[in-house]
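The next block holds one structure in the form of structure tokens; read it before the comments.
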Number of protein chains: 2
Amino acid sequence: MSLGWMLFAKGDRHVTAELLYDEATRAKVPVSLATVYNTLHQFTEVGLLRQVAVDGSKSYFDTNASEHHHFFVEGEDALVDIPGAQVLVDKLPAAPEGYEIARVDVVVRLRRKQG
Amino acid sequence: MSLGWMLFAKGDRHVTAELLYDEATRAKVPVSLATVYNTLHQFTEVGLLRQVAVDGSKSYFDTNASEHHHFFVEGEDALVDIPGAQVLVDKLPAAPEGYEIARVDVVVRLRRKQG
DNA sequence: TTTTGTGCAAATCGTTTGCACCGTT
DNA sequence: AACGGTGCAAACGATTTGCACAAAA
């Protein structure tokens, strides 16, 4: 419950399990990391969160579960929403026989411009 | 070297480290998993492979390093190329100040149709 | 007392790293 | 003897799981 409030009270956010864990700890809510994971998964199953896989290691949970895409800043590991309307995917290929499209994820990978 | 042959002899492939490791073991090429990882990373640095992050856990290496996107079958963990020409992303948002777009990844998540 | 829910210690799994070994200069 | 390259055992970090405890029936 407390975790729920932390997640959704502040508007759209992208959290990693560890980030939420630290936040909870700082807020003197005593939970273990495992509990944070379990809670995040439960919210995800119910459709309140969306799990975003963007780089190999950690995974992000997005409190904005609606259709939209992401910027991902390499090296900084920051994830930023792109409003759904700003990306338009044309010409989606047909799904192979027997399968249907569950979701389309677009990740725009950013790199800090040098100079 | 042997790993290189395994990877590129069979045309376009998507391998996980573990898959390549099993293959090598079966082919009586004695390597450790760590070596497989190191080798995959070296190939990637040199631009012969492309690392694809598609779900939180394992990561895939694609022997097709050119610009193209992927189908990903949930539950089966299968990764399939979509020829580059079959996906067209319109209206890319501008990169935020100070950043440039490094790459755009599109993952079309598939689910087995029931019935 | 049984049953159901909750939280976490410990295990798991993919991945990385530091170092030992060996051939070459 | 110093150097460079290669492979891997062991460490690591993110995530999952099995189980112990507690409240409800």
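Lettering follows sequence order; numbering is per chain, from 1.
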From the list [options], which nucleotide is the closest neighbour of the side chain of [X]?
X: A/A17; options: C/dT15, D/dT15, C/dC8; value: D/dT15
X: A/A34; options: C/dT15, D/dA14, D/dT17; value: D/dT17
X: B/N38; options: C/dT15, D/dT15, D/dC8; value: D/dC8
X: A/T35; options: C/dC8, C/dG14, D/dT15; value: C/dC8

Between A/R50 and A/D105 the two heavy atoms that sit nearest each other are NH1-OD1, 3.4 Å
Considering non-hydrogen atoms only, spot the tightest contact between B/A17 and B/V36 and give its length.
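Smallest interatomic distance, heavy atoms only, reads O-CG1, 3.6 Å.
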Rounded distance in Å - [atom1] ([X]) to [atom2] ([N]):
X: B/D22; N: C/dC13; atom1: CG; atom2: P; answer: 14 Å
X: B/D55; N: C/dC13; atom1: CG; atom2: P; answer: 15 Å
X: A/L33; N: C/dT12; atom1: CG; atom2: P; answer: 18 Å
X: A/Q42; N: D/dT17; atom1: CD; atom2: C1'; answer: 14 Å
X: A/Y37; N: D/dG18; atom1: OH; atom2: C1'; answer: 18 Å
X: B/Y21; N: D/dC8; atom1: OH; atom2: C1'; answer: 10 Å
X: B/K58; N: C/dC13; atom1: NZ; atom2: P; answer: 10 Å
X: A/H41; N: C/dG7; atom1: NE2; atom2: C1'; answer: 15 Å

For side chain to side chain donor-acceptor pair (under 3.5 Å), just list the numbers for B/H70 and B/D62, CA-CA rounded to whole Å, side-chain angles, deciding distance to a tenth of an Å, and then say yes or no.
CA-CA 10 Å; B/H70 296 101; B/D62 188 342; 2.8 Å; yes
So what does B/S59 touch, heavy atoms closer than 4.0 Å: a base, only the sugar-phosphate, or nothing?
sugar-phosphate
Answer with yes or no whether the side chains of B/N64 and B/H14 bring together a donor and an acceptor at under 3.5 Å.
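No - no donor-acceptor pair under 3.5 Å links their side chains.
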